[in-house]
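Note that ligands are numbered from 1 as they come in the structure, with each ligand's atoms numbered from 1 the same way.
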Amino acid sequence: MTFPVHRPRRLRRSEALRGFVRETRLSTEGLVYPMFACPGSKLRTEVSSMPGVYQQSPDQIVEECRKIADLGIPAVILFGLPERKDETGSEAADPNAAVQRSIAAIRKAKLNLLVMTDVCLCEYTSHGHCGVIEDGEVQNDPSLALLADAALSHARAGADIVAPSDMMDGRVAAIRGRLDQNGFADVAILSYAAKYCSAFYGPFREAAQSAPQFGDRRSYQMDPANAREALREVALDLEEGADLIMVKPALPYLDIIQRVRQRFDVPVAAYNVSGEYAMVKAAAAKGWIDEERVVLELMTSIHRAGASIVLTYHAKDLARWLNHC
Ligand code: PBG
């Protein structure tokens, strides 16, 4: 007979008690804010399906990065829009493209900020796929050198961490090799290891203008039904030299985050993606949910599942709420 000796409600009586025994504590320390860099200057255009998120030229990116650093957010991840798209996404590795110029500007401003970059071809290719196309199919091996070129150009511009999101097999090893050969052994790789083929990327594809022009990404991104396969993907990327790994999206895949956390002793990141953000913003705009409470609860769930790093478009709001300002 446990009652009346055991009364779990005893520890829920006041916020002081609840805070004291809380198992999962949120902080700004693992937050990463995603940003979209476009060519040009003085440009700042809001993404219609992602209120509060902008496509911005490098000069504007730096200004926002100042505010981000002041909020205590430790890191940003940059995505790029090209001037021109082509079959092989050649602007991905252009030293004068928007991402590379943004990194250089952030470095020049000496901000206390980790700079991560997304390494992929889909924003840069005319067909919108994450690798090169031959005979109507995305080719794995010929894409690897191009991804390594892009990662190297980010490292040269001053990136701390490169994050390949293309889901080609062997890309972590290709990038690691290229970085090491060129004197960038200290640049870390955050691999989008378990990246699912998800409908939740919809708003991002508007922001990055990266929707595939034919077909879909099912031949390279993971099938949402598979959990064991995620562990295999993570194991392979770690063997190839990934320093940190990511599960993406976050909320529909909390079980994957938990399994990965239990199996591997490396930092686990989760990407709270554009569609997850858009749903919260839309419901909040209609007054149907309390945005602050909902976002704090979602972040708690992602951390509770086992992610210590979270990429989220809510990062600035979260930092304000967590710092009580
Ligand atoms: C590029 C990439 C995508 C996202 C991050 N990197 C889109 C995709 O794979 O189609 C999605 C991020 C988001 O939805 O917020 N491959």
Quiz item: When you measure from the centre of the six-membered ring of F200, is the NZ or CZ of K248 under 6.0 Å away and within 45° of the axis?
Solution: no

Self-check item: Proximal candidate to atom 12 (C) of ligand 1 [heavy atom criterion; set Y192, F204, Y196]
Solution: F204

Quiz item: Has S210 got any heavy atom lying under 4.0 angstrom from an atom of ligand 1?
Solution: no

Quiz item: Heavy atom of K195 under 4.0 Å from ligand 1?
Solution: yes

Exercise. For Y277 and ligand 1, answer yes if some heavy atom of the residue is under 4.0 Å from a ligand atom, otherwise no.
Key: no

Quiz item: Would you say the side-chain atoms of S219 and E137 include a donor-acceptor pair closer than 3.5 Å?
Solution: no

Exercise. For atom 15 (O) of ligand 1, grab the closest protein heavy atom and report residue, atom and distance to one decimal in Å.
Key: Y313 OH, 2.6 Å

Quiz item: Would you say S274 has any N or O atom under 3.5 Å from an N or O of ligand 1, going by distance alone?
Solution: yes

Quiz item: Do T45 and Q55 have side-chain N/O donor and acceptor atoms under 3.5 Å apart?
Solution: no

Self-check item: hydrophobic_cluster_shared for I245 and L114, side chain cutoff 4.5 Å
Solution: no

Practice problem: Compare M246, K248, R217, E206 and give the one whose heavy atom is closest to atom 11 (C) of ligand 1. | Solution: K248

Quiz item: Going by atom types alone, do D166 and Y192 pair a side-chain donor with an acceptor below 3.5 Å?
Solution: no

Self-check item: Ring centers of F36, Y54 separated by less than 6.0 Å
Solution: no

Quiz item: Do Q100 and S153 have side-chain atoms, one donor and one acceptor, less than 3.5 Å apart?
Solution: yes

Self-check item: Atoms in ligand 1 with a heavy atom of R205 nearer than 4.0 Å
Solution: 8 (C), 10 (O)

Quiz item: What about Q221: any of its N or O atoms under 3.5 Å from an N or O on ligand 1?
Solution: yes

Self-check item: D166, I77, D118, V119: member with heavy atom nearest to atom 6 (N) of ligand 1
Solution: D118

Exercise. Measure from the ring center of Y33 to the ring center of Y313 and say whether it is less than 6.0 Å.
Key: no

Practice problem: Give the contacting part of S165 toward ligand 1: side chain, backbone, both or neither, where contact means a heavy-atom distance below 4.0 Å. | Solution: both

Quiz prompt | Ligand-side contact atoms (ligand 1) for residue partner C122, heavy atom cut-off under 4.0 Å | solution = 1 (C), 16 (N)

Practice problem: For Y271, take its heavy atoms, then give the atoms of ligand 1 lying under 4.0 Å from any of them. | Solution: 12 (C), 15 (O)

Self-check item: Donor-acceptor side-chain pairing of Q56 and E64 below 3.5 angstrom
Solution: yes

